[in-house]
Participant: 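Next up is a structure, given as structure tokens.
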Amino acid sequence: MKSNPMNFDELIEAMCARDKYDDFGNLAWTIYTDNPEKFYFDFFDKVRQFLKEGGDLHQSFPPMGWSLMHLACEKRDVRLIKGLWEVDQNLLHTHADCHYPPIFQALDSDIDCHIQVRKPITLETTKAMLELGADPNSRHKDNRSLREAAASYGTSVVEIFDEIIGLY
């Protein structure tokens with residue numbers, strides 16, 4: 001008996017499998033809690049299956065219109081980003097249905113995360129994307145540069161951006 005081919009929604013679900021929350025908003029225990037390596041193995045096994053069945057990794061998922069790379073950047077998961085890049089380097093440059101490249105998602109997530117938890121901004125996800133070859137001169141859908149996007153968070157954030165990312 002032949003099984004149905006995997007669809008893109010199943011990949012999104014697999015990517016979010018370790019990030020389940022209980023009714024109170026607390027991170028819930030999943031099969032990956034005690035074995036985080038299993039998450040990456042299982043996810044990339046599904047990616048390989050999806051591609052073998054003719055799937056297209058450059059799809060977007062509603063409502064945000066993000067690609068898998070946008071979602072990996074939102075999660076700030078550098079290992080997931082590097083794994084997706086190894087599968088398809090063009091995912092760094094996809095604009096998806098949101099009409100901006102994933103590097104902007106990385107920057108936004110890096111800044112938002114550190115502002116919310118009040119820790120120093122390291123821009124680790126943004127740096128990883130640039131190290132893999134994301135275009136430092138890319139533009140957001142509203143024509144902002146990465147630096148201009150950082151500046152929208154204030155002077156102190158753009159100074160940190162210039163110090164860390166200004167080298168690229």
Participant: So Leu68 and Phe61, do their side chains get closer than 4.5 Å, heavy atoms only?
Facilitator: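 A side-chain contact is absent here, since even the closest heavy-atom pair is not under 4.5 Å.
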
Participant: Tell me the closest heavy-atom pair linking Thr125 and Cys73, and the distance in Å.
Facilitator: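 Taking Thr125 first and Cys73 second, the nearest heavy atoms are CG2-O, 4.0 Å.
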
Participant: What are the two closest heavy atoms between Leu92 and Met129, and how far apart are they?
Facilitator: CD2-CE, 3.5 Å

Participant: Hey, does Leu11 have a side-chain heavy atom less than 4.5 Å from the side chain of Leu57?
Facilitator: yes

Participant: Please say yes or no: joined through hydrophobic side-chain contacts below 4.5 Å, possibly via intermediate residues, are Val47 and Phe41 part of one cluster?
Facilitator: no

Participant: Hey, quick one: are Val158 and Ile165 part of the same hydrophobic cluster, counting side-chain heavy atoms closer than 4.5 Å, chains of contacts allowed?
Facilitator: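 They do not share one cluster, since no chain of ILVMFWY contacts under 4.5 Å joins Val158 to Ile165.
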
Participant: Go through the structure and list residues passing salt bridge (Lys or Arg N to Asp or Glu O under 4.0 Å) with Asp142, not counting sequence neighbours.
Facilitator: Arg144

Participant: What pair of heavy atoms forms the shortest contact from Asp56 to Phe50, and how long is it?
Facilitator: N-CE2, 3.3 Å

Participant: Less than 4.0 angstrom from a charged side-chain N to a carboxylate O is my criterion; do Lys46 and Glu10 meet it?
Facilitator: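 Glu10 and Lys46: not salt-bridged.
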
Participant: Give a yes-or-no answer on whether the side chains of Glu74 and Trp66 include a donor-acceptor pair shorter than 3.5 Å.
Facilitator: no

Participant: The criterion is side chain to side chain contact (heavy atoms under 4.5 Å, CB included); which residues satisfy it with Lys119, sequence neighbours excluded?
Facilitator: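 Testing Lys119 for side chain to side chain contact (heavy atoms under 4.5 Å, CB included), a comparison that skips the adjacent residues, returns His114, Val117.
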
Participant: Using only atom types and a distance under 3.5 Å, with no angle test, would you say the side chain of Glu86 pairs donor to acceptor with the backbone of Gly83?
Facilitator: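 The answer is no, because no donor-acceptor pair under 3.5 Å joins these two groups.
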
Participant: Would you say His140 and Glu148 make side-chain contact, with heavy atoms under 4.5 Å?
Facilitator: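 Result no, sub-4.5 Å side-chain heavy-atom pair not found.
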
Participant: Would the distance check show the side chain of Asp97 and the main-chain N or O of Ser60 forming a donor-acceptor pair, the cut-off being under 3.5 Å?
Facilitator: no

Participant: Distance-only, no hydrogens or angles: does the Thr94 side chain make a donor-acceptor pair with backbone N or O of Leu91 under 3.5 Å?
Facilitator: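 Here the side-chain-to-backbone pair does not exist.
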
Participant: Could you tell me which non-hydrogen atom of Ala14 sits nearest to which non-hydrogen atom of Phe39, and how far apart they are?
Facilitator: O-CE1, 3.4 Å

Participant: Answer yes or no: is there a side-chain heavy-atom contact under 4.5 Å between Pro101 and His93?
Facilitator: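 A side-chain contact under 4.5 Å is absent here.
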
Participant: Just wondering, more than 12 heavy atoms not from Lys82 lying within 6.0 Å of its NZ?
Facilitator: no

Participant: Is there side-chain contact between Ile111 and Phe161, with at least one heavy-atom pair below 4.5 Å?
Facilitator: no

Participant: Under 3.5 Å, side chain of His70 to main-chain N/O of Tyr100, donor-acceptor pair present?
Facilitator: yes

Participant: Does the side chain of Asp110 reach to within under 4.5 Å of the side chain of Thr122, using non-hydrogen atoms?
Facilitator: no

Participant: Is a salt bridge present between Arg79 and Glu37, judged by a nitrogen-to-oxygen distance below 4.0 Å?
Facilitator: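 Salt bridge: yes.
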
Participant: Tell me whether Val78 is reachable from Phe44 by hopping between hydrophobic residues (I, L, V, M, F, W, Y) whose side-chain heavy atoms are closer than 4.5 Å.
Facilitator: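 Per the 4.5 Å side-chain linkage, Phe44 and Val78 are not co-clustered.
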
Participant: Please report the shortest heavy-atom distance between Ser67 and Pro102, naming the atom on each side.
Facilitator: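 Minimum heavy-atom contact is OG-CG, 4.4 Å.
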
Participant: Do Tyr40 and Asp45 meet the criterion of a side-chain donor-acceptor pair at a distance under 3.5 Å?
Facilitator: no

Participant: Does Ser138 reach the main-chain N or O of Asp135 with its side chain, forming a donor-acceptor pair under 3.5 Å?
Facilitator: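 Flag set: sc Ser138 to bb Asp135 pair under 3.5 Å.
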
Participant: Looking at every non-hydrogen atom in both residues, tell me the closest pair between Phe104 and Arg139 and how far apart they are.
Facilitator: CE1-C, 3.5 Å

